[in-house]
Amino acid sequence: MVIKVYIASSSGSTSIKKQQQDVIGFMAVNKIEFEECDIAANEDNRKWMRENVPENSRPATGNPLPPQIFNEERYCGNYEAFFDAREDNSVYAFLGLTAPPGSKEAEAQAKQQQ
């Protein structure tokens, strides 16, 4: 399974840049393998991302903005959903991955199962 983070390398929005850096930095620090898909440099990436964000996750107007996160072809969510999952120590579940032993998320899951 490959986590794909759709980003815009040439975004003029500092908010989008910070959100992208936050997601990518978290993945790198936690050694979660992922692929960056740049929608600014690759029209196919832009088209695929826009077509595959579910209708109920789209903004009321305009197109979905990066970062958007997928596990292969399964939509995980946008930055807000990622942020909420991180706050709840449930990023691995959000990404559709198994939490590594010893992580806060794995410990929380073990407590729930007891």
Side-chain angles (χ1 to χ4, degrees):
M1 288 194 257
V2 176
I3 303 301
K4 295 180 181 179
V5 181
Y6 284 80
I7 59 137
S9 60
S10 61
S11 173
S13 165
T14 55
S15 175
I16 288 175
K17 286 179 185 176
K18 286 180 182 178
Q19 290 175 357
Q20 292 175 164
Q21 290 170 343
D22 194 21
V23 172
I24 290 167
F26 181 90
M27 301 287 214
V29 165
N30 288 284
K31 297 178 176 65
I32 299 171
E33 287 187 39
F34 70 97
E35 177 183 329
E36 280 183 46
C37 301
D38 188 356
I39 67 168
N42 185 318
E43 185 62 34
D44 290 339
N45 284 342
R46 179 189 343 246
K47 187 176 177 190
W48 193 93
M49 181 194 85
R50 289 181 177 172
E51 290 173 354
N52 288 282
V53 171
E55 202 61 45
N56 62 341
S57 297
R58 294 175 179 271
T61 58
N63 290 309
L65 298 173
Q68 298 289 335
I69 305 163
F70 291 81
N71 183 334
E72 293 289 344
E73 310 227 335
R74 183 183 71 80
Y75 182 67
C76 299
N78 61 11
Y79 177 76
E80 287 77 18
F82 169 81
F83 182 84
D84 290 344
R86 192 176 66 190
E87 290 294 304
D88 294 339
N89 288 321
S90 61
V91 171
Y92 290 94
F94 166 78
L95 295 172
L97 302 173
T98 302
S103 69
K104 287 182 183 178
E105 189 170 340
E107 290 171 9
Q109 289 172 349
K111 284 180 184 175
Q112 287 177 345
Q113 291 174 351
Q114 291 177 352

>> Would the distance check show the side chain of N42 and the main-chain N or O of D38 forming a donor-acceptor pair, the cut-off being under 3.5 Å?
In response: no
> Can you tell if the side chain of N52 reaches within under 4.5 Å of the side chain of Y75, non-hydrogen atoms only?
Replying inline: no
> For D84, which residues count as a salt bridge (Lys or Arg N to Asp or Glu O under 4.0 Å) partner, sequence neighbours excluded?
Replying inline: none
> How close do G102 and A106 get, heavy atom to heavy atom, and via which atoms?
Replying inline: N-CB, 4.3 Å
>> Nearest 0.5 angstrom please: S90 OG to K104 NZ, how far?
In response: 12.5 Å
>> To the nearest 0.5 Å, what is the distance between CG on N89 and CD on E107?
In response: 9.5 Å
> Got a sec: does the CD of E33 have more than 12 other heavy atoms crowding it under 6.0 Å?
Replying inline: no
> Could you give the distance from CD (E72) to CD1 (I3), rounded to the nearest 0.5 Å?
Replying inline: 8.0 Å
> Taking all non-hydrogen atoms of both residues, which atom of N63 and which atom of P59 are closest, and how far apart?
Replying inline: O-CG, 3.5 Å
>> Around atom CD of E80, are there more than 12 heavy atoms from other residues, nucleotides or ligands closer than 6.0 Å?
In response: yes
> Pick one: which of V91, L97, I69 meets side-chain contact (heavy atoms from CB on, under 4.5 Å) with C76?
Replying inline: I69
> Between Q20 (side chain) and P66 (backbone), is there a donor-acceptor pair under 3.5 Å?
Replying inline: no
>> If I compare all heavy atoms of P64 with all of M49, which pair ends up nearest, and what's the gap?
In response: O-CE, 3.2 Å
>> Ring-plane angle category for W48 and Y6, please: parallel below 30°, perpendicular beyond 60°, tilted otherwise.
In response: parallel
> Are any of the side-chain heavy atoms of I16 and Y79 separated by less than 4.5 Å?
Replying inline: no
> Mind checking what makes salt bridge (Lys or Arg N to Asp or Glu O under 4.0 Å) contact with R74, not counting sequence neighbours?
Replying inline: none
> Given D88 and F94, is the side chain to side chain contact (heavy atoms under 4.5 Å, CB included) satisfied, shown in steps?
Replying inline: CA-CA 10 Å; D88 294 339; F94 166 78; over 6 Å; no
> When rounded to the nearest 0.5 angstrom, what is the spacing between CG in L65 and OG in S11?
Replying inline: 8.0 Å
>> Run V53 and F70 through side chain to side chain contact (heavy atoms under 4.5 Å, CB included) and show every step you take.
In response: CA-CA 9 Å; V53 171; F70 291 81; 4.1 Å; yes
> Hey, quick one: are V5 and I39 part of the same hydrophobic cluster, counting side-chain heavy atoms closer than 4.5 Å, chains of contacts allowed?
Replying inline: no
> Cluster question for you: counting only ILVMFWY and a side-chain heavy-atom cut-off of under 4.5 Å, with indirect links fine, are L95 and I7 together?
Replying inline: yes
> Is F83 reachable from M27 through a run of I, L, V, M, F, W or Y residues, each pair having side-chain heavy atoms under 4.5 Å apart?
Replying inline: yes
> Taking only residues two or more places apart in sequence or in another chain, which ones pass salt bridge (Lys or Arg N to Asp or Glu O under 4.0 Å) with E55?
Replying inline: R58
> Measuring from Q68:CD to C37:SG, what's the distance to the nearest 0.5 Å?
Replying inline: 12.0 Å
>> Run D22 and R86 through side chain to side chain contact (heavy atoms under 4.5 Å, CB included) and show every step you take.
In response: CA-CA 11 Å; D22 194 21; R86 192 176 66 190; 2.7 Å; yes
> How long is the gap from CD on E36 to CG on N45, to the nearest 0.5 Å?
Replying inline: 11.0 Å
> Just by distance, do the side chain of E105 and the backbone of Y92 share a donor-acceptor pair under 3.5 Å?
Replying inline: yes
